[in-house]
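In what follows, chains are A, B, ... by sequence order, proteins preceding strands, each numbered from 1. All figures in this text were calculated on a predicted structure; none of them were measured in a lab.
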Amino acid sequence: MKLLDFSSNMFVVAFFLYCAAFILFAVALMGRRWSNRDPEAHMKKWGGIAFLGSSLGLIFHLIFFVTRWIGGEHIPVSNMYEFMSFLSMMVMVAFTVVYLIYRKTLLGLFAVPITIIIMAYAAVFPQEVQPLIPSLQSYWLKIHVTLAAAGESFFAIGFAAGFMYLIRTVDFKSKEKKAKKQQRWVEVIFFSIILVISFIATVFIFRSAGYESVFTQTKVTGQVGAQTTITEKVSYKLPPIVGPYHSKIESYEPFLGMSKPLFNAPSWMNGVNAGRKFNTIIWSVLTGLILYGILRLIVRKPLGRAASPLMDGIDADDLDEISYRAIAIGFPIFTLGALIFAMIWAQIAWGIFWSWDPKEVWALICWLFYSAYLHLRLSRGWQGSNSAWLAVIGFLVVMFTLVGVNLVIAGLHSYAGVE
Amino acid sequence: MLQEVIAFKNTKCECGHQNPVGTVLCEACGRPLEEEDRESTEVLEMRYDGMARRSQRVNPNFIDRIWNFFSSVKIAVYMIILTLIGSMLGSIFPQESTFLNVDPSTYYKDTYGTWGLVYYKLGLTHTYESWWFILLLVMIGASLIICSLDRVLPLYKALTKQRILKHMQFLTRQRVVYQGPVEGTVEDWMKQVSAPIKKKGYRVYTDGNALLAEKYRFSRWGPYVIHIGLIIFLLAVLARGLPGLKMDQHIPFPEGEIKHIPDTSFYLKNEKFTVEYYTQEEMPEEFRNKGKTLPKLFNTQATLYQCTADCDDPTKEPKLEEVTKHNIQVNDPLDYKGLMAYQFDYDMTPILRAVSPSLVDVKTGQDFGKFKLDIRNPQRNYTVGDYSLELKEKYNDFGLDENGKPVTKTPNPNAPAFLFLIKGPDLPAAGVQYIYFPKEIDKERFQQDAINTKLNGGSAPLMLDVKGMENVDFSLSTSYLNIRVDKVMPFIWIGASIVMLGLVLGFYWQHRRIWLRIDDGMLTLGAHTNKNWFGIRREISAILKKMNLDVDEKSMDNGGKNA
């Protein structure tokens, strides 16, 4: 168990090194216009330092991965915490590969935060090493999950570069209809990222405060005449604004004068822990709005407009190329890892290569989406803005596949606890 | 007709080459053929090297129109998007196929309310088997074939007969262009520049003042290889729908019993089924002593037999021959010549296999002897001492209908019951009817004694009684195996492998071409790649550097929208 503790420490070290690298990338970029320096030389010098920082973070991240593998006696990709940690590591690997090809410092400013957010999201989940249940005891676990994550992380880099392209090229001063629309959607992407950050932050704040409220929920299942009643305890780690459907308070830790939930979840929310998930969403939106409001008060303009001067002097075509290239590198890896190897494993474990399980369906949806992207780009000349939007949306589809499907749709894959 | 004649006239290039109708760039020298296009300075449309395609015929007839429809990438993208949306819709609620025993007409309404009912009524509960979804797949298949043929043939023709000297406009209107003066004789310069180009892996062809360098042409075939793989894959998927190519059964195998696998000549015996759980020490600290259990292993020790003779004769015992043994686990199925057996589920409820009751005189308690009663396959007649027992009726799952008549509710041996006619000494000539429940719990539940009293109009003089556990034979558990045959699987894997090969060829290499010509000490360079312009610019910059020409990578970019 000692080794596993060491491993957890390495996770924390890697996390803070990435944060430091992010700040260094920001210095490299924003310091260009500081007095008495040559912008080119400044970028080169600080960009190099920042890349060293992120690489060092990656080394510690790898140490975390290897020690957890040895300590846990199986590859750490078998639950949400482990998978998300691995995904964030692969995003850094993909970033490193693309950085070594294109040497664009700026990419780090957007790629490193993706890793940081995914890593923080990973830490929301229970972190103990669970022994493998029989269906996961296969070497295909290693091959399928790791390759799928590798492909997805190149899509993440495609997203980062695509999003940068949009911030660089959208005309944030224009009042034209088309430009207005683009401005609004860039803002929506910013808000979504803030939403994720505020979700993570809220969970950690209440966790460190040790908050808990408990409900007893009665569920009636079966048809009329043959009903069975189940009573379950539902524990909330965030103050309940909304209680579970058909429930009674067992214990309620008061929060800001609230001593009972404002309302209960409607009856159609009858999935596993639906009430609690709904409560988490409400909290994330609330804190997200507050955080977004604070940021808007600080910069006093839409975030997209505030970020666009950062991109001054950056070649938009290069960003377009990087975004496309990252996706082009990731696409075959994704096909192999998330579809072909998934089919082989499914054939061995479930007896059928394809069973239209929600996770499989969504992996196929990702694949179809990026196929459409590639066809539009290669044969119909969709470049620049159109292409960048697709790269951004594509990664959102990928994230829904990885997180949303587990959260919303149940299936054979949802062995991993979410929330 | 007139149009074609006019078009025909236009297709002869000034270099003397006669091009087919629809050609954009002269097949030989690359000069744009359209008058309008010649006056433009924009980057050339280099797709398929400007060759004529079948789908661009003037005056299309009916077949041409169908061809044109399926050869359009726009249509293909629409079909991809529709399939994507269809797949999304199908993932909202679980599909019918995820359940083994569920009545979809009530299940969706009961579980998901009105939305579930709407979902069911729309037929989305079997999205992936619905006609429109399959039609979409078939149309994508057609599109894959026609798109590929429409493009790969002209492209192949264009790339196999390339002329080295290209028209000036062809070069200056590429996406990567460089022009500048060079020193020395043309011959020397060409010879010199060949070395660094070759070093980068290009094949170099020269023709007087012109040079063509080309590498990784095979990458151009990547997309078509992908499409061939997808076609094989799709055909295999569609073929799975044909009868006789696949089998899928879920069969319970009680421990210790040889059971026939329906529709095959195979029999499988579950020798022993084991479930193992992780011990408390193996669990993480957070889980320990919280009553949580986590399975570690499901294992069915299986023996597969094949019937060699008397297979279909119900009067004879089939002759079985052992063909293989395997420990079936979740990720380790039994595989015998395409017959697969997967660990699917298990049931630890003991199942009664046989009992050996004794025939006893109720009054004196005299024991006349015992016989073995096989629950699943009982004999018609038994002889115990001087008595004979004739089996009149067998109920697998005993119950009474609304008229109070005994019936079998299900074919599963949940509550087995046997109705015997007993004849022998001191009994009426017609015999005594006797119902027997081997399971103790059923005896009480259905009141065996009361039924027997009713049957004979008085209490029965004899009874069947199991004396001691040694007379009970039951299997401890049942392993549910999923027996499958899927004859198209090899084609699925072949298709997938070809797709993968194509993806690697198409995405990790790029077809790059560089054209050079020197006219009066002036070098004109044009270059084309199907992907990764950044890479080819960097390569050319490095090559020119070797020739003492310092050219910025970015300055060669001529704009344009070709990938």
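- At a 4.5 Å heavy-atom cutoff, B:R151 makes no contact with chain A through either its backbone or its side chain.
- For A:L339, no part lies under 4.5 angstrom from a heavy atom of chain B.
- Residue contact with chain A, scored on non-hydrogen atoms closer than 4.5 Å, involves the side chain of B:F233 exclusively.
- Only the side chain of B:Q510 comes within less than 4.5 Å of a heavy atom in chain A; its backbone stays farther off.
- In terms of heavy-atom pairs under 4.5 Å with chain A, the best-connected choice from B:L297, B:N482, B:V237, B:I492 is B:I492.
- A cation-pi geometry, defined here as NZ or CZ lying under 6.0 Å from the six-membered ring centre and within 45° of its normal, holds between B:K531 and B:F507.
- No part of A:E73 comes within reach of chain B, as not one of its non-hydrogen atoms sits under 4.5 angstrom from that chain.
- Between B:N299 and B:I328, the closest side-chain pair of non-hydrogen atoms is not below 4.5 Å.
- Heavy atoms of B:W493 lying under 4.5 Å from chain A belong exclusively to its side chain.
- Both the backbone and the side chain of B:F534 have a heavy atom closer than 4.5 Å to some heavy atom of chain A.
- Residue A:A161 comes nearest to A:L319 through the heavy atom pair CB-O, 3.8 Å, listed as atom of the first residue, atom of the second, then distance.
- No part of B:K246 comes within reach of chain A, as not one of its non-hydrogen atoms sits under 4.5 angstrom from that chain.
- If you look at B:H250 and B:Y480, their ring centroids are not closer than 6.0 Å.
- Listed options B:G535, B:P295, B:P333 were ranked by heavy-atom pairs under 4.5 angstrom with chain A; first place goes to B:P295.
- Chain B forms more heavy-atom pairs under 4.5 Å with one residue of A:L376, A:I101, A:L364, A:I352 than with any other, namely A:I352.
- Residues B:T125 and B:E96 have side chains that bring a donor and an acceptor to within less than 3.5 angstrom of each other.
- Annotation for A:Y102: atom OH counts as buried by contact number, over 12 foreign heavy atoms lying within 6.0 Å.
- Contact annotation for B:I80: both backbone and side-chain heavy atoms come within less than 4.5 Å of a heavy atom of chain A.
- The ring-ring contact (aromatic ring centres under 6.0 Å, His included) test with A:F341 singles out one residue from A:W140, A:F353, A:Y139, and that residue is A:W140.
- Closest approach of A:Q347 to B:Y342, counting heavy atoms only: O-OH, 2.9 Å.
- Chain A forms more heavy-atom pairs under 4.5 Å with one residue of B:Y508, B:Y78, B:Y128 than with any other, namely B:Y128.
- The residue among B:M340, B:K296, B:Q95 with the most heavy atom pairs within less than 4.5 Å of chain A is B:K296.
- A tilted orientation is assigned to the rings of A:Y373 and A:Y324, their planes being inclined by 30° to 60°.
- Between chain B and the residues A:I322, A:D320, A:L336, A:T335, the most heavy-atom pairs under 4.5 angstrom are made by A:L336.
- Here B:T83 contributes atom OG1 and B:L136 contributes atom CG; the two are 4.5 Å apart, rounded to the nearest 0.5 Å.
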